[in-house]
Amino acid sequence: MDETEFWELVDAGRAAADGDPDEQADQLVRRLLELDPEAILDFARHFESRYNRAYRWDLWGAAWVLLDGASDDAFDFFRCWLIGQGREVFEGALHDPDSLADLLEDFDDEIDGDGEELGYAADEAYERLTGTVAPDLGLPPAPSEPEGTPFDLENESGLADRYPALWNRFRE
């Protein structure tokens, strides 16, 4: 599976789910079950690679603004959700986290920002298809700390300065 096929699966699941991240995960599992086990593992490798790429302080700050706070777990689930928003939003957020203010059409803090189930979709599909737990993906270990320079996520004026577009749209 190449990168284009990966994003097509993500987009198809999101379109069928009408914005509900849990339903998107269910749709993704259904689509993955149509593939062979190795293709599911390829999808998992693409997903995990992007998940690890998004483990960055600047993105955590953006999640903090959007979610009005983001614990370690909340940020993990946010990164899954961000992947689920598709290539344009994901890559745009990595390039400039504050651009999420323009990249996100709608954001409902009751359902958006938490894509925990998306993170398990490939594992679930693989196990349902093969009856076994997915093997190690052979990827480098996940980083132990976010990339970039840490900053105080609880400093509201610092967040407003660092993410002016997000702050203006979602916090004021």
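Values below: every heavy atom of this structure, side chains too, minus hydrogens, waters and symmetry copies.
Rounding to the nearest 0.5 Å gives a distance of 12.0 Å between CG of Leu9 and CZ of Phe47. Atom-to-atom distance recorded for Trp57:CH2 and Leu153:CG is 5.5 Å, nearest 0.5 angstrom. Atoms CG and CG, from Leu139 and Asn52 in turn, are 7.5 Å apart once rounded to the nearest 0.5 Å. Between the CD atom of Gln27 and the CZ atom of Arg14 there is a distance of 12.5 Å, given to the nearest 0.5 Å. Considering CG of Leu28 and CZ of Phe43, their distance stands at 4.0 Å, rounded to 0.5 Å. With rounding to the nearest 0.5 Å, the separation of CG in Asp123 from CD in Glu127 is 8.0 Å.
Residues Ala39 and Met1 share a closest heavy-atom pair of O-CE, 3.6 Å. Listed here is the closest heavy atom pair of Leu33 and Ala125: CD2-O, 3.4 Å. The two atoms that bring Leu100 and Leu82 nearest to each other are CD2-CD1, 4.0 Å, heavy atoms only. Taking all atoms of both residues into account, the shortest heavy-atom contact from Trp167 to Leu159 is CZ3-CB, 3.9 Å. When all heavy atoms of Leu118 and Pro21 are compared, the pair lying nearest together is CG-O, 4.2 Å. The minimum heavy-atom distance between Gly158 and Asn155, with the atom names listed, is N-OD1, 2.8 Å.
Other residues, nucleotides and ligands place more than 12 heavy atoms under 6.0 Å from the CD atom of Glu38. Residue-environment remark: CD (Glu3) exceeds the threshold of 12 foreign heavy atoms within 6.0 Å.
Distance alone, capped at 3.5 Å, is enough to place a donor-acceptor pair between the Asp114 side chain and the Glu116 backbone. Formation of a donor-acceptor pair under 3.5 Å by the Arg56 side chain with backbone atoms of Gly148 is not found in this model. Arg169 places a side-chain N or O within 3.5 Å of a backbone atom of Ala101 that can act as its donor or acceptor partner. Remark: side-chain polar atoms of Tyr126 are not paired, donor with acceptor, to backbone N or O of Leu32 under 3.5 angstrom. Checked by atom type and distance alone, the side chain of Asp98 pairs as donor or acceptor with a backbone atom of Leu166 at under 3.5 Å.
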Worksheet entry | Stepwise side chain to side chain contact (heavy atoms under 4.5 Å, CB included) test for Trp7 and His46 | CA-CA 9 Å; Trp7 286 116; His46 281 287; over 6 Å; no
Fill in: Residue pair Phe170, Asp68: steps toward the side chain to side chain contact (heavy atoms under 4.5 Å, CB included) verdict
CA-CA 9 Å; Phe170 295 103; Asp68 196 18; over 6 Å; no
Discussion item. Between Asp18 and Glu23, is the side chain to side chain contact (heavy atoms under 4.5 Å, CB included) condition met? List the steps.
Written reply: CA-CA 8 Å; Asp18 198 29; Glu23 178 61 23; over 6 Å; no
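Ile83 and Ile111 fall into different hydrophobic clusters, defined by Ile, Leu, Val, Met, Phe, Trp and Tyr side-chain heavy atoms under 4.5 Å apart, directly or through other members. Phe77 and Phe90 fall into different hydrophobic clusters, where Ile, Leu, Val, Met, Phe, Trp and Tyr residues are linked whenever their side-chain heavy atoms come under 4.5 Å apart, directly or through other members. Linking Ile, Leu, Val, Met, Phe, Trp and Tyr whenever their side-chain heavy atoms come within less than 4.5 Å leaves Tyr120 and Val10 in two separate clusters.
Using a 30° and 60° split on the angle between ring planes, Phe75 and Phe78 fall in the parallel class, below 30°. Ring pair Phe107/Trp81 is perpendicular by interplanar angle, where above 60° counts as perpendicular and below 30° as parallel.
Side-chain contact between Asp96 and Tyr163: absent, with no pair of heavy atoms (C-beta onward) separated by less than 4.5 Å. Within the 4.5 Å cutoff, no side-chain heavy atoms of Ile40 are placed close to those of Thr130.
The pair Arg50-Glu91 fails the salt-bridge criterion, with no side-chain N (NZ, NE, NH1 or NH2) lying under 4.0 Å from an Asp/Glu carboxylate O.
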